[in-house]
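Presented below is the structure to which this report refers.
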Amino acid sequence: MSDMTLRQWLLTDEPTSRRHARLASLYKGWLTLRSNSMAMVGLAILVILVLTAVFAPIIAPQDPFVQDLSSRLLPIGAEGHLLGTDSLGRDILSRLIYGARITLYIVALVALIAPVAGLLVGTVAGYAGGWADVILMRITDIFLAFPRLVLALAFVAALGAGIENAVLAISLTAWPPYARMARAETLTIRSTDYINAIRLQGAGPLRIITRHIWPLCISSLIVRVTLDMAGIILAAAGLGFLGLGAQPPSPEWGAMISEGRRFILDHWWVATVPGLAIFTVSLAFNLLGDGLRDALDPKDGGQ
Amino acid sequence: MTALEINDLNVWFGHAHDRVDAVKGACLSVNQGESFGLVGESGSGKSTILRAITGLAPQWSGTIRVEGEALSGAKRDRRFFRTVQMVFQDPYASLHPRHTVDQVLSETLHLHGLDNIDQRVKGLLNDVGLGQRFRFRYPHQLSGGQRQRVAIARALAGEPDILLLDEPTSALDVSVQAEVLNLLTDLRRQRGLTYLMVSHDLPVIAHMCDQLAVMRNGEIVEVMSSETLRVGTPEHPYSQELLQASVAV
């Protein structure tokens, strides 16, 4: 192995251990992803977003909560305020930087709750069939039939305004499509010969669902989640805009737009700058999702 | 001793109007260590018999006895899976696309409650003529013949007595077919296995089996020894037709 580069070691067709096989397959996925330049742009934006959120206190030029009424509504490029100030004289750039944390928090929580719930419901319904399928899928249909934002509004109204409740409400409205998708995939997978083969070895339903069906559903689910992230950020922003998500003075991007709306004609940047931030991050998630679809597609056997 | 005995087996799919009778009143018996062939054209119900035995076709009536014990319904117990295993037709569809050869074999061994898994995986790969270098490959890194060898290794992992072969070579190249058939012949001799083999290929059956049954439209029309087939003197007109078609090719 001494005359082998790391690249050759990763690209070999003859892996020598379990770890080697897994790394090689990951590396090939990464190569596919890397060849998609738009996806890499998306990934770069998201990496910057994460770094911004982590190092917010170091990067932010000012305290996002300090008000200065003498310098309110300063335009973009004003001295000391690169992106201007809002109606209470707070630095918009600093608020955007701290807002990245809230955005990531929402995205991470929803990404943890909704797809997992959808995957569980969908695969169980698809594999079990019969009554379990009917009951689980009708519940899914009921959730699907509600307009998403309206249902989220109802949940927030019932649970009280706040960022955690907004996340919960969005998750509750976001899982049904994942359940549908997981069920459809399960239906095609459950009748394949490799599932029949493992059944003939005496594997139970739990093992088949978790070890054999999930790995094949998860890749398309990840793709769908990244594509939905834009919608989730927008829904969170929408709830913030309606005053039902993050509460002031929290620098949530949607809430920032909501505050800036009053001055949109005279001081357009107050609402536009956070709007552009939402747009950029949503676009980044979409681009990455598109690339992941090519890299993770299980139909080509990971090639 | 009879390894496998089937009496008056009916298998159907669907209900009421949509009901399709795939197998009608099939009877056959296979002795321990014997190799029994099922031939017939596509849709004649050959594979369905195998699926009924393994519980993959749940709607059936009649009796199926495995080593003297009668089966019922679609549920099979652990002992059945240690006794009977199946090799599927299409090796491109019978291996999980995200599992390495090692994962496939280790999991199977684990499910059968066997110990010393590492050693056994190596042994199985050697037995089916695949070297250790194939151990950590994914199915897409294997050729069709290699995949079928993995599928055979998986079927042998639980050390079964009876192997059901569902057209094990029909998805493979002609040159690879011969290799896999020879492997199956060798394995049978070494391990004293009983085969129930489905094929539409008469020469394959004549080469592999001691006895065979000819099927048409879900019914067994004739049971004969492969000697009869080789000499070319089957009794039933359909068997003669099948033989002639195969000779013409």
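Protein chains get the first letters and strands the later ones, always in sequence-line order, with residue 1 at the start of each. In what follows, every heavy atom counts, from backbone to side chain, and hydrogens, waters and symmetry copies are set aside.
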Residue Leu56(B) versus chain A: region with a heavy atom under 4.5 Å: side chain
Any side-chain donor near an acceptor of the partner, Asp166(B) and Ser47(B), under 3.5 Å: yes
Portion of Arg207(A) that has a non-hydrogen atom of chain B nearer than 4.5 angstrom: side chain
Flag side-chain contact, heavy atom, 4.5 Å: Ile64(B) against Trp60(B): yes
Contact class of Arg78(B) relative to chain A, heavy atoms under 4.5 angstrom: side chain
Option that, when pairs with chain B are counted at under 4.5 Å, heavy atom only, ranks first among Ala24(A), Gly204(A), Pro15(A): Pro15(A)
Engaged part of Thr54(B) at the chain A interface, taking heavy atoms whose separation is under 4.5 Å: both
Side-chain donor-acceptor contact under 3.5 Å, Asp133(A) with Tyr127(A): no
Donor-acceptor pair between Glu41(B) and His200(B) side chains, under 3.5 angstrom: no
Test item: side-chain donor near acceptor, His96(B) and Glu107(B), under 3.5 Å: no
Leading residue by heavy atom contact count with chain B [cutoff under 4.5 Å; candidates Thr192(A), Ile195(A), Thr16(A)]: Thr16(A)
Region of Arg82(B) that comes under 4.5 Å of a non-hydrogen atom in chain A: neither
Top contributor to chain B contacts, counting heavy-atom pairs under 4.5 Å, from Ser17(A), Ala203(A), Ala197(A), Ala21(A): Ser17(A)
